[in-house]
Amino acid sequence: MARIIGVDIGGTFTDILVLDDSGPSLTVRKVPTTPGDPSQGLIKGIDAIGHADRGIELVIHGTTVATNAVLERKGGRCGLIATRGFRDILELRRRDRPHLYGLTGTYEPLVPRDRRLEVAERVSAEGEVLVPLDEDAVLSCAETLKAEHVDAIVISFMNAYANPIHERRAKSLIENRYPEVYVVASADVLPLIREFERTSTAVVNAYVQPVVSRYLANLERGLKCRGYRTDLLVMQSNGGMMPSDEAGRYAVQTVLSGPAAGVIAATAIAAENEFRNLIAYDMGGTSLDVSLVTDGIPVQAHGTELDFGIPILLSMIDVRTVGAGGGSIARIDDGGILQVGPESAGADPGPAGYGRGGNLPTLTDANLVLGRINPEYPIGDGKGFSFDLAKARLALEEHVARRLGLSDAEAARAVVAVSNNRIAGSLRRISIDQGRDPVDFTLFAFGGSGPLLVGFLMDELGIPRGLVPYQPGIASAWGCAIADVRRDYVTMVNRRIDDLDATQIRRIFDDDRSRGNAFLEHVNLPLGHIHLLREADVAYEGQTHVIRTLLPDNDTSPERIAKRFRATYLRRYGSAHGGFGRLEALLDGIPVRLLNLRTTIIGVRKHRSLGSLLTPPATSLDQAYKGSRDVWVDDGFVACPTYERSRIPWGSELSGPAVIEQSDTTVWLDPFLRASVLDGGSFLVESTRPARGRQR
């Protein structure tokens, strides 16, 4: 590949990166997101870079279109056809509630009851047809839903995971009668046991499919009108990418695709600097995404819940998202308590300090007032808006300072403190709450707002070191540009492992590998090599939850699977039951059940490291020094040195307090921090005092 464009569309900014491997060279651009149609901001940003006539071969991008469609309830109009007696599966859900305390809560299904219909059919859990499909009823339901002007119809039948024959027949009938309607069969999206989760995942796919498909079509049309003859690829939430036609068909796979790209970038950049265990956080203008990387591999989740009662059960990178970004709005609630977020000023109008019509105070406004952000240093290329310190100060004074009896600077400090503590809580949940000691990890800070609080988080959680990449604000776009091609397959087995033989298991894995190779051929990209990952979901008989067990390439026999599962189970739960010996005795004689077999095929692309594309500055640290300005430190303003990051030579060392400025972010070094500039331009940040988090 000669020229590749990586794009991350966030809630506030769209980050665009052009990788020219023939140079090599790197061009970046940060432009405001266009919420009404995100493709317009992307196309305008590419136009501004001016690469339309330079042979761009790939455009790869992460998007929040699917996520936002669900959270904002702006997806397609959907209908659901279920087995007779099961139309209310979405509302029966599980025995959970939105709040820990209290028995009340609100739940709004993506498909209302009047658009959930039923037909006669039934398949047993073993896949035997018990009641034939009433095809006339299927067409009658489709006609009723079409009269309701639905965009998409979901078909979710009982036990379709065991035999999807009825779902696929119903889908064919509806597509032939109404080809303009999106039709989703639940077993095509998630062929697994658990009716509620399978139905919910299929409904999310149908709900976002019209939105994602239209968005991708608009984007491809806009690119072609500007002379691009490129393949458009989309990031998946599992950290791989897929063609746009696949993304339109399996739109649910694009949920959290932007944050997943950030984790890929963090993993790659940290590996260049020989760090393999990370607590990574991406803080942009709208949200904060936290993830964990262990031994150089992003931690995977078995699914997520986009909103209360709306789970999606797919393999994905474990990303925890909270509404905390530079645009998070500060307010005083009815109880007189200062709150920051989750509401965001977004890209339009943005924080008050952007001077684009916003008048509500945000975290960015607070950092402007505290002197940590330079109001005279524009974001990105500075076109279209500039900072306005007076408006930032006025917004804080009017909405926070007066109501709390504080000065504008004290109010700004309070806003930063509230936001920082909320963010620290999210890092604890993904590390300490999961049995991980933060002291064993490196804090990876990226996103446009992330490097402003690297010192606070290190100190608060007892993390010994932090890493800030050279261009933190465009890291997710870099993740898109270097992402591999990936496809996950899952086959439900649901049998005792003693009842299986190696031939049956091998046949499933071989079929998955064949499908994966066909997928890679369809994508048609130059690959360095192909990596195959085999896993099994296993449990002891009677257990509800499974343990995903990694299998060796050369031995997938039932005996080997059982042995690997048992070892994994003992490692995880042995100490909680008085040690391995006692637990082994308790487990002897309990049958082992194999629920699912999983195959992941990864087409690993050849790509350069980010550091190899950067040229060391031919300047000295003195030449990078820009002067000093007053910055709030502890209890008052202190004159702090400021530096231009692009002019700081590799190998330099800086001590806090100091401000390092660049076009996509600001790095704030607290007084107790020192930073070393590594080859490739990343900052290694270390504390000069014992962290408070270790003293608790």
Side-chain angles (χ1 to χ4, degrees), residues 66 69-70 74-91 109-124 127 129-192 195-217 244-254 310 312-314:
V70 176
K74 294 181 179 179
R77 187 175 174 87
C78 292
L80 170 66
I81 301 176
T83 303
R84 180 169 293 167
F86 292 90
R87 67 188 287 198
D88 293 322
I89 191 74
L90 288 177
E91 292 189 75
L110 296 178
V111 184
R113 196 170 196 270
D114 63 323
R115 296 204 301 270
R116 300 199 302 264
L117 307 179
E118 300 176 344
V119 298
E121 74 83 36
R122 196 60 185 262
V123 172
S124 73
V129 175
L130 302 177
V131 178
L133 175 66
D134 187 338
E135 297 187 358
D136 291 336
V138 169
L139 291 174
S140 178
C141 288
E143 183 178 358
T144 300
L145 292 173
K146 190 68 173 64
E148 290 290 327
H149 308 291
V150 297
D151 301 302
I153 296 175
V154 180
I155 304 164
S156 183
F157 292 155
M158 281 293 293
N159 300 325
Y161 61 85
N163 184 353
I165 185 172
H166 285 173
E167 280 196 353
R168 290 176 179 170
R169 176 57 180 163
K171 179 179 179 180
S172 176
L173 288 170
I174 297 172
E175 287 178 334
N176 288 336
R177 179 71 62 89
Y178 302 108
E180 71 278 12
V181 175
Y182 297 96
V183 185
V184 176
S186 72
D188 289 344
V189 178
L190 186 69
L192 298 181
E195 302 303 320
F196 167 54
E197 285 80 4
R198 175 165 56 87
T199 303
S200 176
T201 304
V203 166
V204 171
N205 192 86
Y207 188 74
V208 302
Q209 191 174 9
V211 179
V212 172
S213 296
R214 284 195 297 266
Y215 162 71
L216 292 175
S244 59
D245 60 337
E246 295 265 337
R249 193 158 52 250
Y250 300 106
V252 68
Q253 298 278 4
T254 68
I310 307 179
I312 56 174
L313 203 64
L314 297 172

**Message:** Just verifying a value: how many Å separate Glu118 CD and Phe157 CZ, rounded to the nearest 0.5 Å?
**Reply:** 10.5 Å
**Prompt:** Backbone N or O of Ala142 within a donor-acceptor pair of the Arg177 side chain at under 3.5 Å?
**Reply:** no
**Prompt:** Cut-off 3.5 Å, side chains only: do Asn205 and Tyr207 have a donor facing an acceptor?
**Reply:** no
**Message:** I need the Cys78 SG to Arg115 CZ distance, nearest 0.5 Å.
**Reply:** 7.5 Å
**Asked** Would Val183 and Ile155 count as a side chain to side chain contact (heavy atoms under 4.5 Å, CB included) if you check the C-alpha gap in whole Å, the side-chain angles of each, and the deciding distance to 0.1 Å?
**Response** CA-CA 8 Å; Val183 185; Ile155 304 164; 3.7 Å; yes
**Message:** Could you report the tightest heavy-atom contact between Thr201 and Glu197, atom names first, then the distance?
**Reply:** OG1-O, 2.8 Å
**Message:** Between Glu180 and Lys146, is the salt bridge (Lys or Arg N to Asp or Glu O under 4.0 Å) condition met? List the steps.
**Reply:** CA-CA 10 Å; Glu180 71 278 12; Lys146 190 68 173 64; 3.3 Å; yes
**Request:** Can you see which heavy atom on Asn163 is nearest to which on Gly127, and at what distance?
**Result:** ND2-O, 2.9 Å
**Donor-acceptor contact present, side-chain Ser213 to main-chain Pro210, <3.5 Å** = no
**Message:** So, taking the atom named NE2 in His149 and the one named CZ in Arg77, what distance separates them when rounded to the nearest 0.5 Å?
**Reply:** 7.5 Å
**Message:** Would the distance check show the side chain of Ser200 and the main-chain N or O of Ile312 forming a donor-acceptor pair, the cut-off being under 3.5 Å?
**Reply:** no
**Message:** Is it the case that the side chain of Asp151 and the backbone of Gly76 share a donor-acceptor pair, with hydrogens and angles ignored and the cut-off at 3.5 Å?
**Reply:** no
**Request:** Please answer whether the main-chain N or O of Arg113 pairs with a side-chain N or O of Arg87 as donor and acceptor at a distance below 3.5 Å.
**Result:** yes
**Request:** List the steps and the verdict of side chain to side chain contact (heavy atoms under 4.5 Å, CB included) for Arg122 and His166.
**Result:** CA-CA 9 Å; Arg122 196 60 185 262; His166 285 173; over 6 Å; no
**Request:** Nearest 0.5 Å please: distance from the CG atom of Leu313 over to the CZ atom of Phe196.
**Result:** 10.5 Å
**Asked** Once you round to the nearest 0.5 Å, how far does OG1 of Thr144 lie from CG of Asp114?
**Response** 11.5 Å
**Request:** State whether the number of non-hydrogen atoms from other residues, nucleotides or ligands found under 6.0 Å of Ile165 atom CD1 is greater than 12.
**Result:** no
**Prompt:** Just wondering, do Leu145 and Ile81 contact through their side chains at under 4.5 Å, heavy atoms?
**Reply:** yes
**Asked** Any side-chain donor-acceptor pair under 3.5 Å between Glu167 and Ser186?
**Response** yes
**Message:** With rounding to the nearest 0.5 angstrom, report the OH to CG distance, Tyr250 to Asp188.
**Reply:** 5.5 Å
**Message:** Give me the atom names and distance for the closest heavy-atom approach of Gln209 to Gly248.
**Reply:** CG-O, 3.0 Å
**Backbone of Glu195 reached by a side-chain donor or acceptor of Thr199 within 3.5 Å** = yes
**Heavy-atom closest contact (Ala206 atom, Val184 atom, distance)** = CB-CG2, 3.8 Å
**Fill in**
When every non-hydrogen atom of Val252 is compared with those of Val208, the smallest separation belongs to N-CG2, 4.2 Å
**Request:** Start with the C-alpha gap between Cys141 and Val119, add the side-chain angles, then the distance that decides, and say whether side chain to side chain contact (heavy atoms under 4.5 Å, CB included) holds.
**Result:** CA-CA 8 Å; Cys141 288; Val119 298; 3.7 Å; yes
**Message:** Has Glu121 got a side-chain atom pairing as donor or acceptor with Pro132's backbone, closer than 3.5 angstrom?
**Reply:** no
**Request:** Report the C-alpha separation of Arg116 and Glu91 in whole Å, then their side-chain angles, then the decisive distance to 0.1 Å, and conclude whether the side chain to side chain contact (heavy atoms under 4.5 Å, CB included) test is met.
**Result:** CA-CA 11 Å; Arg116 300 199 302 264; Glu91 292 189 75; 2.4 Å; yes
**Asked** Is the closest side-chain heavy-atom distance between Leu314 and Gln253 below 4.5 Å?
**Response** yes
**Message:** Can you confirm whether Glu143 is buried at CD, in the sense that more than 12 heavy atoms of other residues, nucleotides or ligands lie under 6.0 Å from that atom?
**Reply:** no
**Prompt:** Less than 4.5 Å apart, any side-chain heavy atom of Lys74 and any of Val211?
**Reply:** no
**Atom of Val111, atom of Leu80 and distance for their closest heavy-atom approach** = CG1-N, 4.0 Å
**Message:** Between the side chains of Arg84 and Asp134, is the shortest nitrogen-to-carboxylate-oxygen separation below 4.0 Å, so that they form an ion pair?
**Reply:** no
